[in-house]
There are 2 protein chains.
Amino acid sequence: MARAGLTTARLVAGAADLADEVGFENVTVSALARRFGVKDASLYSHLRGVQDLRTRMALLAGEEMIDRIAAAVAGRAGKDALAAFAGAYREFALRYPGRYAATQIRIDQSLAAESRALRRTAEITYGMLRAYGLQEPDRTDAVRLLRSTFHGYCALEATGGFGAPRDVQASWEKAVDALHLTLRHWPREEEKDHD
Amino acid sequence: MARAGLTTARLVAGAADLADEVGFENVTVSALARRFGVKDASLYSHLRGVQDLRTRMALLAGEEMIDRIAAAVAGRAGKDALAAFAGAYREFALRYPGRYAATQIRIDQSLAAESRALRRTAEITYGMLRAYGLQEPDRTDAVRLLRSTFHGYCALEATGGFGAPRDVQASWEKAVDALHLTLRHWPREEEKDHD
DNA sequence: GGGTAAACCCTAATGGATCTAGGAACACCC
DNA sequence: GGGTGTTCCTAGATCCATTAGGGTTTACCC
């Protein structure tokens, strides 16, 4: 009956590792308890339940991810910053698929508001766009486009959506190039291109 | 003991409706049996199990989705076709969230190869790009970029990822505009923009 | 160093999910 | 009307989430 030394933080970290190994959707309270050599019920002193666990995993993974991205972007601007952001984003998504999946779940609005990770992500993303000189609402539109492309690419790649023989890394770099050009020549409110 | 008249097709269609109502991940064999007023075990004469059910849902939803898109794109070219494709894509994803989620699961490679929906999707997507005059590998890169952006946007929107007050429809139209320009001025292999 | 309160982990039990095995009722076809 | 499958059911095994309540270790305080 040696104590296992469980804490909420250790459990959540263990769950994140487990998610990377077996997939986010296969992280169960039972599996987590097994990993710590403990009975299921023991986890309920540290976690309110599986929903709580998932939320905590999402927040942890979000922090870890934005830390990597922030480190990659630091000291860069313009296309350099964009490429660094994109590279760190995809690197994280591919290397830690369970953690990445965790970042994509729906989070309670009130929790999201007080999440340091989300605030930092917004800061860093908007900061990265500064060089392109966009004003609202174009800035928000651009952020949404970037996030969509990054997430969509990683999600499709992760689920085996890209079947063509073409190198996936090369396509990614092309996409980042294209995004850079899009940001540089953003179709602003007045100067719409009709064609 | 009146027979319920179950068939694989009816079950899969029912499961798709159920997915749109309660979410793809909440479609269970039990819930589906309940919906048809039948015991769980009865479904196993028509379906091999929950994995089989999910795969069939994915194939069905994929067909339905590409049908809508094909109808929208028919007779259009260039930016017109792109906008129609994008509109039909997002319309489907938002209106049938459970079916859309089904289309995103990982499908067995051998099954994917013989899927009519996947072949048609490829045809229509590449056809839509004809007007932009891209050659391989640029064409594949462009397809990947389009799919990523469309999927990423719908996925983020569906999980409540867009918190800013900016109108989501407007951002989407801007994204489609931006994609059109990207396709028109695609950074081809030789003429790379270094900046 | 011993007592005690809190923290930690357990047993036990409920309810819901997937899935298998085997049996009964129905439809159809001659 | 008697086969002959197909369709659906009962029963049961296994796994997961969660709650209730109880025993044991830890750490702190005198």
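Letters go in sequence order (proteins before strands), and every chain restarts at 1.
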Asn26(A) CG to dC15(D) P: how many Å, rounded? 15 Å

Given dG16(C), is OP1 or OP2 found less than 4.0 Å from the side-chain N or O atoms of Thr28(B)? no

Integer-rounded Å distance: dA13(C) P and Tyr44(A) OH: 18 Å

Ring centres under 6.0 angstrom apart (Tyr100(B), Tyr89(B)): yes

Take Arg139(B) and Glu136(B) through the test salt bridge (Lys or Arg N to Asp or Glu O under 4.0 Å) and record every step on the way to the result. CA-CA 5 Å; Arg139(B) 222 163 35 135; Glu136(B) 290 300 347; 3.2 Å; yes

For atom CD of Gln51(B) and atom P of dT20(C), their distance in whole Å: 13 Å

Interatomic distance, Asp40(A) CG vs dA17(C) P [rounded to whole Å]: 18 Å

With the side chain of Ala41(B) defined as its heavy atoms from C-beta on, choose the nearest nucleotide among dA11(D), dC9(C), dT18(C). dA11(D)

Within the pair Arg54(B) and dT18(C), is there a side-chain N or O less than 4.0 Å away from OP1 or OP2? no

Aromatic ring centroids of His151(B) and Tyr153(A) under 6.0 Å? no

Contacts of Arg54(A) meeting salt bridge (Lys or Arg N to Asp or Glu O under 4.0 Å) (sequence neighbours excluded), chain-then-number -> none

Tell me whether the side-chain N/O atoms of Ser42(A) come closer than 4.0 Å to OP1 or OP2 in dC8(C). no

Could you tell me whether Ser45(A) contacts a base, only the sugar-phosphate backbone, or nothing, with contacts defined as non-hydrogen atoms closer than 4.0 Å? base

Is His46(B) close enough to dT6(D) that one of its side-chain N or O atoms is under 4.0 Å from OP1 or OP2 there? no

Closest to the Val50(A) side chain, choosing from dC9(D), dC8(D), dT18(D): dT18(D)

Looking only at the side chain of Lys39(B) (C-beta and beyond, no hydrogens), which of the listed nucleotides dA17(D), dC9(D), dC16(D) gets closest? dC9(D)

Residue Val29(B), side-chain atoms from C-beta onward, closest of dC19(C), dC9(D), dC16(D): dC19(C)

To the nearest angstrom, the CG-P distance between Leu6(A) and dT25(D) comes to 16 Å

Rounded to the nearest Å, what distance is computed from the CG atom of residue Leu43(A) to the P atom of nucleotide dC10(C)? 9 Å

When the distance from CD of Glu25(B) to P of dA17(C) is rounded to whole Å, what number comes out? 14 Å

What is the distance, rounded to the nearest whole Å, between atom CZ of Arg48(B) and atom C1' of dC19(C)? 14 Å

Per Ser30(A) side chain, nearest of listed nucleotides dA17(D), dC9(C), dA17(C): dA17(D)

Taking the ring centre of each residue, are Trp172(B) and Phe150(B) less than 6.0 Å apart? yes

